[in-house]
Structures are given as structure tokens and as C-alpha cells.
Amino acid sequence: MFLILHVAEEVNDAIVLRSTLRNAGIHANVIHATDLEEAFEQARKHDPHVTVVERGDQSLAIAEAMLADAASPFADRAVIVVLDKLEKELVQKLIELGVRDVVPSDFEVQLQHAIVREARAEQQARELDDLRQLLRSAEGRCQKLIDGSSEPVTYVQDGLHIYANKPYLELMGFESQTDLVDQPLLDYVAPEDAARMRDFLKRGEGVEDFNLVTAEGKTVAATLSAMRATFDGEECIQLFVTKKVDESALEEQMQLLTQRDLLTGLYNRNYLFDQVQERLEELRGGNMEEQAALLHIEVMNIEEMRKHLGTTGIDSF
């Protein structure tokens, strides 16, 4: 429940304030303190959301004592001062001290308005703290996922590297975070792509292809995916880097996989039959100069050896 500390001469004043607020639809618990000493005691015990000071001529001194020290229980809480007469210099001094509002004692509606405003502000502040905590937790989980990812990822702020995971460090030729941090990203982009990279970072989002240049001077063709993010509470840009695959090398590798046995590296059964079929067609074509022979080699006593080497061992053999 919303808690108000009412510093007033009579305890009945707190009861009247509670009743007034309830009649206005504000459900709050009001505790009473007569003087400054009791106010500090109640504040440490209950941690009120709003403190209303209504002690006439003593109000200024009480407010000064409450807000003079940053370690005071009132330092980050709303303090409202009620005065019989609003004098410009006094109001200005109270505001400069950090008092949230100064209201006249004969204007209950303004006091209610001030309390409602501070109640809402307090609720919003709590919700904001909760959201910030959730954001920090989410960022922590994302950070663990990125650190464990096989995809190169880096964070850039004002064009400078501020963090990268291990795959990015390896891709760009950095040995550690220390070597990477504060290095301009543009220094590791091919000159012909520098202008596009500037525009890309200004947008802070999108997907584009760039030629990156590693610390060793090697050129890497890559696709960069950018999105706005936060790192250690600071706004930045998160970049996912996908290295572009050489199609010819990929085709060569695929052909190798289809023709050879993965364990031995020797040509496999499919390749053998393809070659036999080609030779048979040549021979059937009437080319009598062609000769062909098929040599079949078999290991003797294979079953006996399997007993000693096991299935995996005999495959390796």
C-alpha cells in the first residue's frame, strides 16, 4: 500500500489527511511524526513513499535537515511542504533544497493532486526498475548465447568495436578482446566499401554484403546483419557476420564427398561403378585399342581379425 509520512503537530492531523485522501479515492496509509527526530525514526522503520511536512514556521528547518544529506532516508523520496502562507523567497528556497512541491494549507485539492502525482511517479519508477532488471537479465542470457555461438558477432558503438565473441576475433585475426576494443570498424573494411559501411552504421539496421579486411590484411567477403542493441547499458549496434562461401570450392568439396570414402579418403563404391560403366561403354563402342582390367583385393581371415580389432577397428584397418 502507498505509505505517507505526515510530519505535523497533532496525530489527528494524520487521521484527517488519511480521511481526506480516502474521500478523494486515494487509498493510502498515513503514519504520524511530531518532530524531526521522530520523522527520521519512522522513515527508517517504514520507508514512506511521500513525506508531507506541515509544521508551520519549523517546516523549512525540517525540510533542510531531511534533504541535506544524500544518505538521508528522505533523499530519494518525495517531500511536500504545507505552508500557511506562500512567500516567493521561501518557496524558491524549498524547491532548491529538493522539495517536490509547496502547497498552501487552505487548499486541500492541491495537496491531494500533489500526493496523487507523486504516488503515480513512485509506481512508474518501480515499474521502470522492474523493467530494467528484466532487460539486464535478458541481456545476460543473450550475452551467454552470443558467447557460445559459432557465428561471428560484434558490438559497435560510434563506429568503434566494444565487444566481440570468439568466432569474430578468429575471423578478423584478433588474439583477444584487448586487441579489438576501441578499434574503428572502418579500418577493417575494404576502401571501396567504406562509404557504404558509414551509411550502414548510421542506419543501424539492415543486411548488406561487404569486403572485410582482417588484422593480417586478408580480404574476407561477408554478409553483415545489423540491429540496434544495448551492451553494458549503453546503446550500440550488434553485427552478425556470415562469411560468404566460395561456390567453386564448395562444389569441389561436394564432389569430393560424393566420390570418396570419408574414413579412408579412397574412391568409394559409387565412383567405382561409374568408372566401370564408362569403360564398358568405350569398349562397346568398338575401340579395340582400349583395354581394361578390374582388380579385386580382399583381406583374408577378416572375421578372425574382427574378433581382435572390433568393428570400429576393422573399419580403420
Side-chain angles (χ1 to χ4, degrees), residues 132-268 271 312 316:
R132 282 173 174 164
Q133 182 60 41
L134 288 173
L135 178 60
R136 284 192 292 269
S137 298
E139 286 178 342
R141 291 193 296 271
C142 289
Q143 193 60 49
K144 289 180 180 179
L145 290 173
I146 288 170
D147 288 340
S149 173
S150 59
E151 184 177 13
V153 182
T154 186
Y155 291 87
V156 177
Q157 186 180 63
D158 297 329
L160 304 177
H161 288 95
I162 57 174
Y163 182 82
N165 64 358
K166 188 175 180 181
Y168 184 87
L169 294 175
E170 292 175 348
L171 175 68
M172 298 303 293
F174 292 101
E175 293 185 1
S176 67
Q177 292 287 344
T178 305
D179 298 330
L180 171 84
V181 172
D182 292 335
Q183 290 291 327
L185 178 60
L186 284 173
D187 287 356
Y188 299 91
V189 177
E192 63 272 15
D193 290 347
R196 281 197 306 115
M197 177 61 80
R198 288 192 190 93
D199 294 337
F200 185 64
L201 293 177
K202 285 180 181 178
R203 292 198 305 274
E205 56 187 10
V207 180
E208 281 196 39
D209 294 336
F210 292 96
N211 287 316
L212 304 179
V213 181
T214 69
E216 295 92 352
K218 298 178 181 178
T219 301
V220 177
T223 300
L224 270 61
S225 302
M227 65 178 65
R228 298 193 181 278
T230 58
F231 186 82
D232 282 346
E234 297 288 336
E235 292 186 2
C236 62
I237 297 172
Q238 185 182 58
L239 295 176
F240 291 85
V241 183
T242 303
K243 186 178 178 181
K244 298 186 74 172
V245 179
D246 185 349
E247 296 293 338
S248 60
L250 182 60
E251 289 178 5
E252 184 179 343
Q253 186 176 10
M254 290 297 295
Q255 186 177 11
L256 184 66
L257 291 174
T258 58
Q259 292 181 350
R260 294 185 180 270
D261 176 69
L262 295 178
L263 180 65
T264 64
L266 300 175
Y267 288 112
N268 59 23
Y271 180 77
T312 305
S316 298

Under the side-chain contact (heavy atoms from CB on, under 4.5 Å) test, which residues partner [X], sequence neighbours left out?
{"X": "Arg228", "value": "none"}
{"X": "Ser137", "value": "Gln133, Arg141"}
{"X": "Tyr271", "value": "Gln259, Tyr267, Asn268, Gln275"}
{"X": "Val181", "value": "Gln177"}

**Prompt:** Tell me, which pairs form a salt bridge (charged side-chain N to carboxylate O under 4.0 Å, His left out) where one or both residues lie in residues 163-175, sequence neighbours left out?
**Reply:**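 Non-adjacent pairs meeting salt bridge (charged side-chain N to carboxylate O under 4.0 Å, His left out): zero.
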Check side chain to side chain donor-acceptor pair (under 3.5 Å) between [X] and all other residues, then give those that pass, not counting sequence neighbours.
{"X": "Thr214", "value": "Glu216"}
{"X": "Asp147", "value": "Gln143, Tyr163"}
{"X": "Thr258", "value": "none"}

**Item:** Check: Phe240 and Val153 side chains under 4.5 Å, non-hydrogen atoms
**Value:**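 Side chain of Val153 against side chain of Phe240, heavy atoms only: contact under 4.5 Å found.
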**Message:** With a 4.5 Å cut-off on side-chain heavy atoms, are Leu169 and Asp179 touching?
**Reply:**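 Side chain of Asp179 against side chain of Leu169, heavy atoms only: no contact under 4.5 Å found.
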**Request:** Can you tell me which residue pairs pass the ring pair (Phe, Tyr, Trp, His ring centres under 6.0 Å) test with a partner in residues 200-229, sequence neighbours excluded?
**Result:**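 Only Phe200-Phe210 qualify under ring pair (Phe, Tyr, Trp, His ring centres under 6.0 Å).
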What pairs of donor and acceptor atoms, side-chain ones from residues 186-196 against any protein atom, are under 3.5 angstrom apart with sequence neighbours left out?
unit_1: Tyr188; atom_1: OH; unit_2: Gln183; atom_2: OE1; d: 3.1
unit_1: Asp193; atom_1: OD1; unit_2: Arg196; atom_2: NH2; d: 3.3
unit_1: Asp193; atom_1: OD2; unit_2: Asn211; atom_2: N; d: 2.7
unit_1: Arg196; atom_1: NH1; unit_2: Glu208; atom_2: OE1; d: 2.6
unit_1: Arg196; atom_1: NH1; unit_2: Asp209; atom_2: O; d: 3.2
unit_1: Arg196; atom_1: NH2; unit_2: Asp209; atom_2: O; d: 2.8

